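Below, read A as the first sequence line, B as the second, and so on, with proteins coming before strands; counting in each chain starts at 1. Since the structure is predicted, the reported quantities are computational estimates derived from the model, not experimental observations.
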Amino acid sequence: MCGRFNIVPDASALIDAFDVLINTLDDYQAPQLNIPPTSPVPIVSSKEGVRSLSAAHWGLIPPWATDTKSAFRMINARAETIAEKASFRVPIVKSRCIVPASGWYEWRKEGDIKQPYYFQTGEILAFAAISVWNKPLSLLSCSILTTQASASAAQVHHRMPVLLGAQNYAQWLDPAGTYTDIKGLLKPYAGNDLSIIKVTTRVNNARYKGHDCIEAI
DNA sequence: CCAGACGTTGTT
DNA sequence: GTCTGG
DNA sequence: CCAGACGTTGTT
DNA sequence: GTCTGG
């Protein structure tokens, strides 16, 4: 799955990486080394061919919800069933977006401890995501798609976020695309450059933001 | 037509 | 918002 | 995702 | 056990 991630680059680097024209992020401070669910996260979206960078609450809040309590269950959306779920089937067609990241964390229970591992490629990553505007709360929220882990990632955990290649950003973000058009993008990462390192259990506490969150131990 | 229900993943 | 039931 | 908090009445 | 906060 993807229940914690990070973003190292600053806003201008994200704008460059995703060809963003409109930036509505305020108080974004880089790096964000330990981002938990329910945080505001940057998302890239596209409207009439113009890409925007904006903030969204991580954890999808359906249009009909009147509070944010449901969000913690919807931090991820399974790619395999996304087209069938009541909360997801509209946004997967109408409001796809990208959550930029440098890497993400997964945990594995080793004896009595919850051991975190950090996953990255060294490049800026694009998590496939969907967003929803909730009118009662005036809140934009998002959910990160997950899929089966690639062989190397599966050593730690059997699910992973869907990563988009730069050549597919435009297709993914195009609001005119149908589900059939984009479902081929929802595959486990096929690259051979995924690095997985064991990191300090200090990462477990979401308050901890030290630089060793991304250093091997 | 209106009323009323409807969220989800991953873990063990 | 969207679907189902009445 | 993980960590950490979470108790209540009645009486003075 | 369950909910909230980060």
Visitor: Taking atom C1' of D:dC2 as reference, at what distance in whole Å does atom CG of A:N34 sit?
Guide: 9 Å

Visitor: Just checking, any donor-acceptor pair under 3.5 angstrom between side chains of A:D181 and A:T178?
Guide: yes

Visitor: Any side-chain N or O of A:R78 less than 4.0 Å from the OP1 or OP2 oxygen of B:dG10?
Guide: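 So the side chain of A:R78 is within the cut-off, an N or O lying under 4.0 Å from OP1 or OP2 of B:dG10.
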
Visitor: Output the rounded distance in Å from NE2 (A:H158) to C1' (B:dT12).
Guide: 11 Å

Visitor: In whole angstrom, give the distance that lies between atom CD of A:Q115 and atom C1' of D:dC2.
Guide: 13 Å

Visitor: Determine whether the side chains of A:N6 and A:Y118 contain a donor N or O and an acceptor N or O closer than 3.5 Å.
Guide: yes

Visitor: Identify the pairs formed between an N or O of the protein and an N or O of nucleotides 4-6 of chain E at a distance under 3.5 Å, and give each distance.
Guide:
residue : atom : partner : partner atom : Å
E:dG6   : N7   : A:T38   : OG1          : 3.2
E:dG6   : O6   : A:P37   : O            : 3.0
E:dG6   : N2   : A:R4    : NH2          : 3.4

Visitor: Among the clusters formed by ILVMFWY side chains lying less than 4.5 Å apart, do A:M160 and A:V203 turn up in the same one?
Guide: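 No, no single cluster joins them.
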
Visitor: Going by atom type alone, with no hydrogens or angles, which donor-acceptor pairs under 3.5 Å involve a side-chain atom of residues 189-199 of chain A and a protein atom two or more places apart or on another chain?
Guide:
residue : atom : partner : partner atom : Å
A:Y189  : OH   : A:D193  : OD1          : 2.5
A:Y189  : OH   : A:D193  : OD2          : 3.4

Visitor: Taking atom C1' in both B:dG10 and D:dC2, compute the distance separating them and give it to the nearest angstrom.
Guide: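 It comes out at 14 Å once rounded to the nearest Å.
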
Visitor: Name every donor-acceptor pair, under 3.5 Å, that has one atom in a side chain of residues 119-133 of chain A and the other anywhere in the protein, sequence neighbours excluded.
Guide:
residue : atom : partner : partner atom : Å
A:T121  : OG1  : A:E123  : N            : 3.1

Visitor: CZ of A:R108 versus C1' of B:dT12: gap in Å, rounded?
Guide: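 Nearest whole value for this atom pair: 17 Å.
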
Visitor: Please report the distance, rounded to the nearest Å, between CZ in A:F127 and P in B:dT9.
Guide: 18 Å

Visitor: Between D:dG7 and E:dC3, how many Å separate the two P atoms, rounded to a whole number?
Guide: 13 Å

Visitor: How would you list, by chain and number, every residue that makes a salt bridge (Lys or Arg N to Asp or Glu O under 4.0 Å) with A:R159, sequence neighbours excluded?
Guide: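 Per chain and number, A:R159 pairs via salt bridge (Lys or Arg N to Asp or Glu O under 4.0 Å) with A:E80.
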
Visitor: Just N and O in the side chain of A:R73: are any of them under 4.0 Å from OP1 or OP2 of B:dT9?
Guide: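 For A:R73, the contact criterion (side-chain N or O under 4.0 Å from OP1 or OP2 of B:dT9) is not met.
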
Visitor: Would you classify A:W64 as touching base, sugar-phosphate or nothing, given that sugar-phosphate means primed atoms plus P, OP1 and OP2, and contacts are heavy atoms under 4.0 Å?
Guide: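 Base contact.
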
Visitor: When the C1' atoms of D:dC1 and B:dT8 are considered, how many whole Å apart are they?
Guide: 15 Å

Visitor: Run the side-chain donor-acceptor check on residues 57-65 of chain A: report pairs under 3.5 Å with partners two or more places apart or on a different chain.
Guide:
residue : atom : partner : partner atom : Å
A:H57   : ND1  : A:G59   : O            : 3.2
A:W58   : NE1  : A:I75   : O            : 3.0

Visitor: Assuming nearest nucleotide by heavy-atom distance, tell me which of A:M1 and A:T68 is located more 5' along DNA chain B.
Guide: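 Of the two residues, A:T68 wins.
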
Visitor: Donor-acceptor pairs under 3.5 angstrom involving side-chain atoms of residues 206-217 of chain A: please list them, not counting sequence neighbours.
Guide:
residue : atom : partner : partner atom : Å
A:Y208  : OH   : A:R202  : NE           : 3.4
A:Y208  : OH   : A:D212  : OD1          : 2.6
A:Y208  : OH   : A:D212  : OD2          : 3.3
A:K209  : NZ   : A:N34   : O            : 2.6
A:K209  : NZ   : A:A206  : O            : 2.8
A:H211  : ND1  : A:E215  : OE2          : 2.9
A:D212  : OD2  : A:R202  : NE           : 3.3
A:D212  : OD2  : A:R202  : NH2          : 2.6

Visitor: Which ring pair (Phe, Tyr, Trp, His ring centres under 6.0 Å) pairs, counting each pair once, include a residue from residues 162-186 of chain A, with sequence neighbours left out?
Guide: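 Sorted result for residues 162-186 of chain A: A:F18-A:Y169.
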
Visitor: Would you kindly give the NZ-to-P distance between A:K109 and B:dT12, to the nearest whole Å?
Guide: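 The distance from NZ of A:K109 to P of B:dT12 comes to 8 Å, rounded to the nearest Å.
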
Visitor: Measure from CG on A:N6 to C1' on D:dC1 and round the result to the nearest Å.
Guide: 13 Å

Visitor: For the pair made of NZ in A:K114 and C1' in B:dG10, what is the distance, rounded to whole Å?
Guide: 13 Å

Visitor: Is any side-chain nitrogen or oxygen of A:T146 closer than 4.0 Å to OP1 or OP2 of B:dG10?
Guide: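 Result: yes.
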
Visitor: I'd like to check the side-chain hydrogen bond (donor to acceptor under 3.5 Å, both in side chains) partners of A:N134; sequence neighbours left out, ordered by chain and number.
Guide: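 With sequence neighbours excluded, A:N134 shows a side-chain hydrogen bond (donor to acceptor under 3.5 Å, both in side chains) to no residue whatsoever.
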
Visitor: Residues two or more places apart in sequence or in another chain: which of them pass salt bridge (Lys or Arg N to Asp or Glu O under 4.0 Å) with A:K183?
Guide: none

Visitor: So what is the 5' to 3' dot-bracket string for DNA chain D, if pairs are Watson-Crick or G-U wobble with both distances under 3.5 Å, crossing pairs use [ ] and | means the partner sits on another strand?
Guide: ||||||......

Visitor: Can you name the salt bridge (Lys or Arg N to Asp or Glu O under 4.0 Å) partners of A:R108, sequence neighbours left out?
Guide: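 For A:R108 the salt bridge (Lys or Arg N to Asp or Glu O under 4.0 Å) partners, ignoring immediate neighbours, are A:E110.
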
Visitor: Mind running a 4.0 Å heavy-atom check of residues 80-97 of chain A against DNA chain C and sending the residues that fall below it, in number order?
Guide: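 Those residues whose heavy atoms fall under 4.0 Å from DNA chain C, taken from residues 80-97 of chain A in numerical order, are A:R89, A:V90.
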
